[in-house]
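Input: a single structure, listed below in structure tokens.
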Amino acid sequence: MANRSAGEIAIVNALRRLKPGEVVAYGELARRAGLPGRARWVARVLAYSPVDDLPWHRVLRADGRIAFAHGTEAFTQQVQRLQAEHVNVINGRVRMPAPGDSLDALLWRAVPSAD
DNA sequence: GCTGTGACTCCTT
DNA sequence: AAAGGAGCCACAG
């Protein structure tokens, strides 16, 4: 039996494990799903997965920036969803967790940025 | 089966 | 801070 969508299922499961207010990078989510280096696969799953109740808005680029261009509908919607979960977003950027910060930082501090 | 594309990431100027 | 390039891999043509 082909494991055609095994990775996709793992990605969706990892996504479902995210708690409100918790954000991760595409690559980090891929790593949690047991698929290191498959960040682009995560992005594709978020874009095309038939499951539509996924917390896609909790996934950001590795530097904490939203993956969409400013002014797009997707960008605006992601910012709104994040703010609804008390995630501070400034100029399309969120502070990514440092390795030691983990549990204390359920709410991530905003990072000022020029953009 | 080869080529181009992309909601990515890392390294090197 | 910004830009270029390589690696990555599923998918469409």
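So you know, we letter chains A, B, ... as the sequences are listed, proteins then strands, and number each from 1.
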(request) Please examine the side chains of A:P55 and A:H57, heavy atoms only from C-beta on, and report whether any two atoms are closer than 4.5 Å. (result) yes
(message) What I'd like to find out is whether the side chain of A:Q77 reaches to under 4.5 Å of the side chain of A:W56, using heavy atoms alone.
(response) yes
(message) Hydrophobic clustering (ILVMFWY, side-chain heavy atoms < 4.5 Å, transitive) - are A:V51 and A:V42 grouped together?
(response) yes
(request) Using a 4.0 Å cut-off on protein heavy atoms (strictly under), produce a 5'-to-3' string for nucleotides 7-13 of chain B with B for base contact, S for backbone-only sugar-phosphate contact, and - for none. (result) BBSS---
(message) Between A:R32 and A:E28, does any side-chain N to carboxylate O distance fall below 4.0 Å?
(response) yes
(request) In plain terms, say whether A:D63 and A:R65 are close enough for a salt bridge, that is, a side-chain N and a carboxylate O under 4.0 Å apart. (result) yes
(message) Work out how far the C1' atom of C:dG13 is from that of B:dA7, and round it to whole angstrom.
(response) 22 Å
(request) Would you kindly give the CZ-to-C1' distance between A:R65 and C:dA2, to the nearest whole Å? (result) 11 Å
(message) What is the distance, to the nearest angstrom, from the CD1 atom on A:I11 to the P atom on C:dC11?
(response) 10 Å
